Amino acid sequence: KKICGQPGYMEMLNTTWAACALGAKVAVKYVLGEQDNLIDRSEAIAQWGTGYFTSAAKKDHWDVFKPESHDDLIFLIAKRFLLAEAPAEKKYPENLLGIAGVLNWELDGAQLKSAQADIIHLVDLLNQLPWRSRQLLCALVEKATQISYDEMFAASSDISKTLNLTAYELEAQLATLKKIGLIDFMGDPASMRIYLTAADEKWLIWGQLKGYCHKAGISLKRLIVDLQFDLLDLKKK
């Protein structure tokens, strides 16, 4: 009723949404009915961005939000979206010997305890991030190249392609990670290099976790996105 009574209301809403960068703060999935004659597909992609956009066949402007069964594509899209955005259950590492094996550092008992505390702090920090931000961080670590002893970076073009994000969407998500000191970047989002750091300047953890996942045959997503850090324990399979 608000939109029909005030045709400019939607334009005002879209302008405010973009100006306040709400896309980085509010999780949204935009769904377009492919049989819709009111909203053009190319305009929808331009406005919403590829990363948050999907379409549904045999749906129009009116029934795109009315699923008919549990097998209806609209229901499945909503279900996957809600489950992905649900809070993850964080799990901490407990086995100090396992942690030592993952970190590949020569540490005494006290240092291992300190390393465990650092990892727990990192898990708590990641837990504060939206699911999409953790997904982006995971992609950054997976794509990162270690070019010197104290530097890991990823190309923004690789990340945009992997996550199907526009330059605007990528920049908005990167700002969240930069704000809490997990990454740093400068320049044009379409061509910039993104530098990875870590909580309390313990940047080495990213390379060690990446190497551990590769050797153990587990997905890095299970750590960074799903927060299953108990996988660092040797007793865990």
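All figures in this text were calculated on a predicted structure; none of them were measured in a lab.
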| Counting distance only, does the side-chain N/O of K210 pair as donor-acceptor with the main-chain N or O of E142 below 3.5 Å? | yes
| task | Enter the distance from L137:CG to I224:CD1 here, rounded to the nearest 0.5 Å. | result | 5.0 Å
| Minimum-distance pair of heavy atoms, taken over all atoms of R132 and K29 | NH2-N, 4.3 Å
| task | Examine I180 and V123 and state if one hydrophobic cluster contains both, with Ile, Leu, Val, Met, Phe, Trp and Tyr joined whenever side-chain heavy atoms are less than 4.5 Å apart. | result | yes
| query | Is F53 reachable from I74 through a run of hydrophobic residues whose side-chain heavy atoms are each under 4.5 Å from the next? | reply | no
| Looking at residues at least two apart in the chain, or sitting in another chain, which of them share a salt bridge (Lys or Arg N to Asp or Glu O under 4.0 Å) with K59? | D72
| field | Partner residues of F81 under the ring pair (Phe, Tyr, Trp, His ring centres under 6.0 Å) criterion, sequence neighbours left out | value | none
| query | Should side-chain heavy atoms under 4.5 Å link Ile, Leu, Val, Met, Phe, Trp and Tyr, which residues sit in the same cluster as F75? | reply | L76
| message | Looking at every non-hydrogen atom in both residues, tell me the closest pair between A57 and L73 and how far apart they are. | response | N-CD2, 4.4 Å
| said: Do L163 and I77 land in one hydrophobic cluster if side-chain heavy atoms of ILVMFWY residues count as linked below 4.5 Å? | reply: no
| All pairs passing salt bridge (Lys or Arg N to Asp or Glu O under 4.0 Å) where residues 174-184 contributes a residue, at least two apart | K178-D184
| Looking only at heavy atoms, what is the nearest atom pair of D226 and A88, with distance? | O-CB, 3.8 Å
| said: Could you work out, with side chain to side chain contact (heavy atoms under 4.5 Å, CB included) as the rule, every residue matching D71, not counting sequence neighbours? | reply: S69
| In chain order, what residues pass the salt bridge (Lys or Arg N to Asp or Glu O under 4.0 Å) check against K161, with sequence neighbours excluded? | none
| request: Would you check if the side chain of D233 reaches a backbone N or O of E94 as a donor-acceptor pair within less than 3.5 Å? | output: yes
| message | Once salt bridge (Lys or Arg N to Asp or Glu O under 4.0 Å) is applied, do any residues pair with K90, and if so which ones, sequence neighbours excluded? | response | D124
| query | Which value, rounded to the nearest 0.5 Å, describes the distance between I194 atom CD1 and L140 atom CG? | reply | 5.0 Å
| said: To the nearest 0.5 Å, what is the distance between CG on L125 and CZ on R134? | reply: 11.0 Å
| Side chain proximity check, L170 to I159, heavy atoms < 4.5 angstrom | yes
| query | For A155, which residues count as a side chain to side chain contact (heavy atoms under 4.5 Å, CB included) partner, sequence neighbours excluded? | reply | S157, D158
| query | Is there a donor-acceptor contact under 3.5 Å from the side chain of T54 to the main chain of V31? | reply | no
| message | Contact between Y92 and D230 at the side-chain level, heavy atoms closer than 4.5 Å - yes or no? | response | no
| Heavy-atom distance under 4.5 Å between the side chains of D118 and I205, does that happen here? | no
| field | Connected via hydrophobic side-chain network under 4.5 Å: L177 and F185 | value | yes
| request: Report yes or no: do L122 and W131 belong to one cluster of Ile/Leu/Val/Met/Phe/Trp/Tyr joined by side chain heavy-atom distances under 4.5 Å? | output: no
| Which heavy atom in F229 sits nearest to a heavy atom in P93, and how many Å separate them? | O-CB, 3.5 Å
| field | Side-chain heavy atoms of I183 within contact of L174, under 4.5 Å | value | yes
| Which heavy atom of A154 sits nearest a heavy atom of L196, and at what distance? | N-CD1, 4.4 Å
| Residues K58, Q35; criterion side-chain contact (heavy atoms from CB on, under 4.5 Å); working and verdict | CA-CA 6 Å; K58 301 180 181 180; Q35 294 184 354; 4.3 Å; yes
| Least distance between heavy atoms, C138 atom then V225 atom | CB-CG2, 3.8 Å
| field | With Q228 via side chain to side chain donor-acceptor pair (under 3.5 Å) - residues at least two apart | value | R222
| said: Quick check: do L126 and L182 have side-chain heavy atoms less than 4.5 Å from each other? | reply: yes
| With sequence neighbours excluded, what pairs up with F65 under the ring pair (Phe, Tyr, Trp, His ring centres under 6.0 Å) test? | none
| query | Going from CG on L129 to CD on Q135, what distance comes out if it is rounded to the nearest 0.5 angstrom? | reply | 12.5 Å
| said: Restricting to side chain to side chain donor-acceptor pair (under 3.5 Å), what partner residues turn up for Q208, sequence neighbours left out? | reply: none
| query | Atom CD1 in I99, atom CD in Q116: separation rounded to 0.5 Å? | reply | 4.5 Å
| query | CD of E89 to NZ of K91: how many Å apart, nearest 0.5 Å? | reply | 5.0 Å
| remark: Sorted by chain and number, sequence neighbours left out, side chain to side chain contact (heavy atoms under 4.5 Å, CB included) with C213 holds for I218, L220, L223
| task | Say whether, by atom type as modelled, one donor and one acceptor occur between the side chain of N95 and the main chain of G98 under 3.5 angstrom. | result | yes
